[in-house]
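One structure is given below, encoded as structure tokens.
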There are 2 protein chains.
Amino acid sequence: MTPNRKSSGPAGANSGPGSRAKILDTAEALFSRRGFNGVSLREVADRAGLGKSSLFHHFANKLSLYVAVLERILTQIDARVEAAQEHTASALARLHQWVDAIVDTLAENPTHAPLLLRALFEGEVVDAKDSSRLNHILQRTLGRVAHDLQEGMESGEFRSVSVPHTLQTLIGMSIYHFASGEFGNDLLQNPVFSAAEVRRRKEHIFSFLEHGLVQEVSQ
Amino acid sequence: MTPNRKSSGPAGANSGPGSRAKILDTAEALFSRRGFNGVSLREVADRAGLGKSSLFHHFANKLSLYVAVLERILTQIDARVEAAQEHTASALARLHQWVDAIVDTLAENPTHAPLLLRALFEGEVVDAKDSSRLNHILQRTLGRVAHDLQEGMESGEFRSVSVPHTLQTLIGMSIYHFASGEFGNDLLQNPVFSAAEVRRRKEHIFSFLEHGLVQEVSQ
DNA sequence: GTCTATACACCGATAGAC
DNA sequence: GTCTATCGGTGTATAGAC
């Protein structure tokens with residue numbers, strides 16, 4: 001199977017060349033831009049600073065490298081979301097914290113949103129066993145949000161809405177936005193990942209959750 | 001260049017085997033599921049019922065086939081959106097018509113949303129000249145919606161929001177949703193493209209535009 | 001306009017020396 | 001744990017007969 005060395009350093013600061021973390025970083029950058037089928041192991045090896053065959057010592061095959069990249073991202077995001085939750089606030093405040101955390105982490109790691117969105121399409125490539133492991137992490141994250149939505153509806157703080165459809169809307173508002181690449185840059189006439197646009201995205205999402213689009217009639 | 005025979009029949013009913021429209025239909029189905037790099041011309045040729053080399057008589061290369069598929073989709077969607085617009089209604093009613101049209105056309109053609117969303121990522125593969133042609137069609141469609149948003153804001157019917165960010169949200173709520181594949185099916189516990197869920201998606205989008213998520217305080 | 005045959009590069013993966 | 005060498009297969013694209 002794939003060797004496990006979970007104690008390796010966090011993404012962003014790599015120790016030695018040829019390390020497992022460096023391979024993951026390199027593969028993450030490439031898969032994010034061109035997808036599973038658009039990346040060759042030769043290119044991953046070259047950019048990671050080792051020979052192509054050496055990759056197979058760290059990962060059994062191309063697919064397990066791809067799955068490892070996805071798993072690291074999903075785990076990191078869930079950790080961020082978990083850390084942001086405080087149980088003392090209202091459902092709306094907790095939803096606000098969730099949006100804050102997910103937008104921050106997607107904005108800080110520009111490779112994540114494209115990779116996650118791609119994974120939805122390239123799910124066919126991942127076999128059932130891997131898929132269930134990845135789904136488990138993902139559903140833990142989504143479960144936190146779904147739980148808050150449910151509670152907010154039961155307390156009357158939120159309108160009565162479909163939880164799955166609302167989750168889809170939240171994913172579209174956050175993950176899709178930060179995965180929209182050059183199209184998003186053109187539309188905003190500003191870099192999607194610039195500090196100013198990230199802040200505006202947060203404000204947009206939250207005002208949409210609070211008010212929708214329509215002006216309330218002043219009565 | 002690529003031969004033009006624009007008078008060929010609409011998608012769904014193909015005349016003879018080996019026709020240009022049949023190639024486009026086949027390629028559309030495959031590109032939608034596996035993306036540009038995940039599809040081989042051999043597979044397109046086999047399923048379209050001709051030899052691999054015969055494809056090059058209809059399309060100069062793989063990329064021009066891909067661009068032709070995208071262009072046909074964008075054109076078809078814009079036609080649907082254009083036909084749905086009536087200029088007599090309020091901005092909200094016009095937005096409703098737009099959501100109706102885009103959701104209907106995405107639901108009727110399950111290949112469209114995945115392909116459009118993929119095109120955002122695989123934009124690197126399309127060169128500048130092709131990209132500008134495709135962008136022109138896309139911006140015509142988006143321009144219709146942006147115009148309505150602007151008018152609604154100026155008339156006070158809508159809140160004052162960022163038009164580009166609102167467009168991104170609308171795209172996320174419609175195109176992403178119908179591109180979410182197996183993940184969407186799992187989340188809804190129902191087929192995304194089933195009539196019931198399509199209807200619920202429309203209602204969800206529209207109630208979100210009208211009210212957001214938060215319950216209005218009864219005063 | 002379709003076919004067979006083929007060119008030629010690159011792919012993922014393996015074998016085995018060091 | 002990294003390397004060189006290599007395998008079998010497939011990719012896009014072309015040449016040229018019919």
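The shown structure was predicted, so the numbers you read here are calculated from the model rather than taken from an experiment. A note on names: the letters A, B, ... follow the listed sequences, proteins ahead of strands, and every chain is numbered from 1.
Computed from coordinates, the B/His58 NE2 to C/dG1 C1' distance equals 7 Å when rounded to whole Å. For the pair B/Asn61 CG and D/dG11 P, the interatomic distance rounds to 17 Å; values are reported in whole Å. Regarding B/Asn37, its CG atom lies at a distance of 15 Å from the P atom of C/dC10, rounded to whole Å. One interatomic measurement links the two molecules: CZ of A/Phe59 to P of C/dA13, which rounds to 13 Å at whole-angstrom precision. Remark: P of C/dT14 and NZ of A/Lys62 are 15 Å apart, rounded to the nearest angstrom. Rounded to whole Å, atom P of C/dT2 lies 14 Å from atom CG of B/Asp46. Rounded to an integer number of Å, the gap from B/Leu55 CG to C/dC3 C1' is 13 Å. Rounded to a whole Å, the CZ atom of B/Phe56 is 14 Å from the P atom of C/dC3.
Taking the six-membered ring for Trp and the full ring otherwise, B/Phe208 and A/Phe208 have centroids separated by 6.0 Å or more.
Listed candidates were D/dT12, D/dC3, D/dT6. Nearest to the side chain of A/Lys52 is D/dT6.
Contacts of B/Val44 with the nucleic acid, taken as non-hydrogen atoms under 4.0 Å apart, are absent.
A sub-4.0 Å separation between OP1 or OP2 of D/dG1 and a side-chain N or O of A/Ser54 is absent. Distances shown here put every side-chain N or O of B/Ser40 at or beyond 4.0 Å from the OP1 or OP2 atom of D/dT10. Of the side-chain N and O atoms in A/His57, none sit less than 4.0 angstrom from OP1 or OP2 of D/dC3. The phosphate of C/dC11 (OP1 or OP2) has a side-chain N or O of A/Arg42 nearer than 4.0 angstrom.
A/Arg72 has a carboxylate O that lies under 4.0 Å from a charged side-chain N of A/Asp25, or vice versa, which qualifies the two as a salt bridge.
Not one N or O on the side chain of B/Arg144 forms a donor-acceptor pair closer than 3.5 Å with the backbone of B/Val81.
Using modelled atom types and a 3.5 Å distance limit, the side chains of A/His204 and B/Thr169 yield a donor-acceptor pair.
Proximity of B/Arg133 to B/Leu138: side-chain heavy atoms (C-beta onward) are nowhere separated by under 4.5 Å.
Between the side chain of B/Ser53 and the base of D/dT14, at least one donor-acceptor pair of N or O atoms lies under 3.5 Å.
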